[in-house]
Amino acid sequence: MVPLSWFLILGAALFCIGVYGVLSRRNAIGILMGVELILNAVNINLIAFWRYRTPDQLTGLVFAVFVMAIAAAEAAVGLALIIAIYRTRNTVIVEDVDLLKM
Amino acid sequence: MSLPQILFLVVGVITLGAAVAVVTSRNVLHSAFLLALTFFGVAVLYVLLDTPYLAAAQVLVYIGAISVLIIFAIMLSRKVAAPHLVQRNSQWLLSLIVAVLLFGVLAYLTLQAAWPAAKQALGVDAIGGLGEAFVGTYALPFEVVSVVLLVALVGAIIIARER
Amino acid sequence: MTELYDWVRLIPLFPFLAFAIILLFTQRNQKLSTYLAWVGIGLSWLLGWTIVFRAIGDAHVLEEGFRAPIFSIPTGRGLLQLGFQVDALTTAMLFMVPFVCLMIFIYSKGYMHGDPRYSRFFAYISLFATGMLGLIVSDNLLLLYIFWEVMGLCSYLLIGFWYEKPSAMKAGLKAFITTRIGDVIMFLGMLLLYSTTGTLSFHEIFSEETLHFLKETTVWLPLVGTVSVAPVIAVLLFGGAVGKSAQFPLHVWLPDAMEGPTPVSALIHAATMVSAGVYLVARMFPIFALLPETASMSVVAFIGGFTALFAATIALAQDDIKRVLAYSTISQLGYMIAALGVGAYVAATFHLITHAFFKALLFLGSGSVIHGAGTQDMMEMGGLRKKMPITFWTFAAGMLALAGVPPFAGFWSKDEILAHAFEEFMHKGVVSWPFFVWLVLSLGALLTAFYMARQVFLTFYGETRSHHVHAHESPKVMTYPLIALAVFAVFLGFVGVPEEFPVLGPLFGHNLFHHIVGHGYPATPLNWGVMGLSVLLALTGLFLGWLVYGRNPLKEGQPDPMTKLGPVYTLLRNKYYIDEFYSKFIVRPAVALATLLFRFDNSWVIDPFVNLVGKVGAWLSDLGRIFDLNIIDGIVNGVAAVTAWFGKILRLTQTGKAQNYLLVAILTVLLLLGLYLYLPM
């Protein structure tokens, strides 16, 4: 029998790998991949907690499905933004897109 | 060690290894394919958690849609995805430290807590119940999410469209 | 149906609405402005004539008057009722004013064509029409005075309408200030009347009790002593009339007022505003006539008679076509005033009405000549009869009416004045005002005929005396009003034919005009001698005019035959040097006094003191400035500098990179998490 903590440790590891990806990648697509990893880690935790703590309710499952839908939406919009930025500025390197500081 | 535990360890190592490769690979295209592998590993974990429906959804949505989308995006911005480019930025070391620290804290907390050791029996019919929940209790959030998805897709098309 | 008279309230309102709408909304659209002004005065005219023709057959209204109150002002003594009214005199004026106004409005479209301030012109004349119409329907002296001043304002605006010309601007100021002198005197009269009787309503002033009370009351005047109050009020009110009707010695503004556009001259300075002075005297006539043996009547008679002759002589020697008419107007207004001075109330009113028609006609005719010939100098004109036939014939009708040739309108009214004066003088003997009036007015009639003949012959006969003049007939919009006014100039006199006159008398309703206006006044009997003499004088004047100017028309370069009079001509041409006299003895001393006061103010007392105060103030503020610069500014600048320094340092944390910010955020979370774990619960 797999203990709950194993799933949680794995989720935490996946989460931290995602965080590292988001913080260290120069490529916008790479950052997006990091975000996907984070979302997957969250989903693993959601399902694991549901399965071990409240298997008689459906809330955890429903939320996992919602997270998937939102992840899909986020990926679509994010990639569209990257394409648009690439078109206008001819780059996907986020350091070149530092319009926040004029 | 029971069979599920061995399976979990094998799949977990593959998943995490792939994930690490995703965030460190110098070639973005390699990253994208390894990401798909990571997603697949997560799907196997879902099976281990007795939710074959979610596993199927994971495969369909993440591998079938998102990974493919990312690969397309890489191909569209091919020039900058070239493997010789440095993919790490100047704060990568600090980021690594932060990530490891964060993992340490989370792992410490997880191991500190007293978790129930075993799974309980599945109280509901996961697949049928989920279907009923979407048209019953969670009808409104479900509709809202579908509208969000629709808006996101329309928005993505408008943003990415060539003018 | 008394309700019809209630509508009298609307008569001044229509042109006022036209004025407001033009000024606020349609300045850009000249056509619309024209039609708005026409509609405004046109409605007033229709309503006015409806009321007039109803009132003529309504003995009650003619005798008692109909009052339409508007609002009342509470005063210490009670309520001061203000309102409009219809009575005999208003009826007579209401026949003349809106119609003449309408004709002039129509004519203005042609005359003002192409003027840059075209719409504004129509706005002003609409406001002016409001003033005049309001004046004649007012039922009390206060409202009358308000409208009187509205007209004064419009007069100023319209005389100075072409304010680019310095002469026009000065003429406007001169008219305004000169009439203001009279208006102040009139206001004093109003105040005295109000403080004596406690009312300004005509109806109440002319009631038996009030008149009786006025007869008994006396007032103490400095230098003069205690005198009866009525003549004092009368003479003071007459001051207003002298200013407005341009009587000697306040006549100087009217000739200069010819600087305004010609329709304005016709509207204000021939037909309406100048007759307001006569109207005022006629309106207040019961007070003038209350004590006939006192100064009130004799002052009026003297001023009127003197002005009539005096202005007529000046008119002999003027070359400007409009100035001749201006002096003629002064002279004719003198006739009316003098007629009132000898008690010829009905005759004066009659002459007021007929004169308005034919003098408006003459002014509009002269405007047509100016429009066609491009000059105002009669010495440059000549021979315009062939080129401007309609203008010539209508002008001739006006000229014959003014000269007093039967059966034109002016003959009947002028003759009635002369007959009345003669009648009075027969009663009172040679050493009396009526004799003086009769004498000067008869002489004036001769001069009038002469200068009008001179004008017509100089303008329309002979050959053109300047090669600049290429005359052409004016457009129809200008000639039609001339024709309409000419019809009245010819036929209007018949409403006042003396009752005893064979054939014509019975035919035209036994002196219809007297029946309308003359309630309570005896009709002037027909006097064949006086009538014959006045006809003879008129014809003599015309004949002399023909002799001098008509038989051998003036050629180009020839001097005016009038110059043969030598120094007399110079005196007349320079208008008896009245303007120079005023400038020397009134304007210059006033300026000198003002200069003196200015010196006192500027260099002797006030200014040095003010400067001293100023210097002390400057010194004190210098102290303040030093404190301010070094201490207050130092604090303020210090705060700013510290802030800027901090900003410079904090700025470094803002890299503009989202990943950087995110790293900081996660670090913070980690820090908080560590703190949470480290601290004991």
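Throughout, a chain's letter reflects where its sequence line sits, starting with A, and its residues are numbered from 1. Values in this document were obtained by computation on a predicted structure and should not be read as measured data.
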Is there side-chain contact between B/Asn89 and A/Arg25, with heavy atoms separated by less than 4.5 Å?
no
Quick one: side-chain hydrogen bond (donor to acceptor under 3.5 Å, both in side chains) pairs with a partner in residues 30-41 of chain A, sequence neighbours left out?
A/Asn40-B/Gln58
Checked B/Gly129, B/Ala113, B/Ser95 vs chain A; the most non-hydrogen pairs under 4.5 Å come from B/Ser95
The interface call for A/Leu10 against chain B, heavy-atom contacts under 4.5 Å, is both
Within a reach of under 6.0 Å around CZ of A/Phe63, are more than 12 heavy atoms found that belong to other residues, nucleotides or ligands?
no
Student check: side-chain heavy atoms of A/Leu37 and B/Val23 closer than 4.5 Å:
yes
Quick check for you: among B/Ala19, B/Ser2, B/Pro4, which has the greatest number of heavy-atom pairs under 4.5 Å with chain A?
B/Ala19
Among A/Ala69, A/Ala48, A/Ser24, which has the most heavy-atom pairs under 4.5 Å with chain B?
A/Ser24
For chain B, which candidate among A/Ile70, A/Thr59, A/Leu32, A/Ile9 shows the most heavy-atom pairs at distances under 4.5 Å?
A/Ile9
Check whether B/Gln5 gets within reach of chain A through its side chain, its backbone, both or neither, counting any heavy atom under 4.5 Å.
both
Who wins among B/Val100, B/Leu153, B/Thr24, B/Leu94 for the most heavy-atom pairs under 4.5 Å with chain A?
B/Thr24
Which atoms of A/Phe15 come close to chain B, meaning under 4.5 Å heavy atom to heavy atom: side chain ones, backbone ones, both, or neither?
side chain
Looking at A/Ala41, A/Ala75, A/Gly21, A/Ala13, which has the largest count of heavy-atom pairs under 4.5 Å with chain B?
A/Ala13
At their closest point, which heavy atom of B/Ala55 faces which heavy atom of B/Ala43, and how far apart are they?
CB-O, 3.4 Å
For a 4.5 angstrom cut-off between non-hydrogen side-chain atoms, does A/Leu14 reach B/Thr38?
yes
Roughly how far, to the nearest 0.5 Å, is CG of B/Leu34 from CD1 of B/Ile14?
12.0 Å
B/Ile70 vs B/Ile74 side-chain heavy atoms within contact, under 4.5 Å
yes
Highest number of heavy-atom pairs under 4.5 Å with chain A among B/Val105, B/Leu109, B/Leu9 belongs to B/Leu9
Judged by atom type as modelled, is there a donor-acceptor pair below 3.5 Å linking the side chain of B/Ser31 to the main-chain atoms of B/Val22?
yes
With a 4.5 angstrom heavy-atom cut-off, is it the side chain or the backbone of A/Ile47 that approaches chain B, or both, or neither?
both
Give the member of A/Leu61, A/Leu39, A/Leu8, A/Val62 that has the highest number of heavy-atom pairs under 4.5 Å with chain B.
A/Val62
Fit a plane to each ring of B/Phe8 and A/Trp6, take the angle between them on a 0 to 90° scale, and name the class: parallel (under 30°), tilted (30 to 60°) or perpendicular (over 60°).
tilted
Could you tell me if the side chain of A/Trp50 sits less than 4.5 Å from the side chain of A/Leu46, heavy atoms only?
no
Counting only heavy atoms closer than 4.5 Å, note whether A/Ile44 contacts chain B via side chain, backbone, both or neither.
both
State, yes or no, whether a side-chain contact exists between A/Leu4 and A/Arg51 at a heavy-atom distance under 4.5 Å.
no
Only pairs of heavy atoms separated by less than 4.5 Å count here; which of B/Val148, B/Leu149, B/Ile66 has the most with chain A?
B/Ile66
Contact class of B/Leu35 relative to chain A, heavy atoms under 4.5 angstrom
side chain
Residue pair B/Phe103 / A/Ile17, side-chain heavy-atom distance below 4.5 Å
no
Counting only heavy atoms closer than 4.5 Å, note whether B/Leu111 contacts chain A via side chain, backbone, both or neither.
side chain
Give a yes or no answer on whether the side chain of B/Ser67 reaches the backbone of B/Tyr62 with a donor-acceptor pair at less than 3.5 Å.
yes
Looking at B/Val61, B/Leu16, B/Leu7, which has the largest count of heavy-atom pairs under 4.5 Å with chain A?
B/Leu16
Contact leader toward chain B among A/Val19, A/Val22, A/Ile83, A/Ile31, where contacts are heavy-atom pairs under 4.5 Å:
A/Ile83
Note, A/Asn43 side chain near A/Met68 side chain (heavy atom, < 4.5 Å):
yes
Here the gap from B/Ser25 atom OG to B/His30 atom NE2, rounded to the nearest 0.5 Å, amounts to 6.5 Å
Please list, in residue-number order, every residue in residues 135-144 of chain B that has a heavy atom less than 4.5 Å from any heavy atom of chain A; write 'none' if there are none.
B/Tyr138, B/Pro141, B/Phe142
Below 4.5 Å from any heavy atom of chain B, which atoms of A/Ala71 appear? Answer side chain, backbone, both or neither.
both
Tell me, side chain or backbone of B/Ala133 under 4.5 Å from chain A's heavy atoms, or both, or neither?
side chain
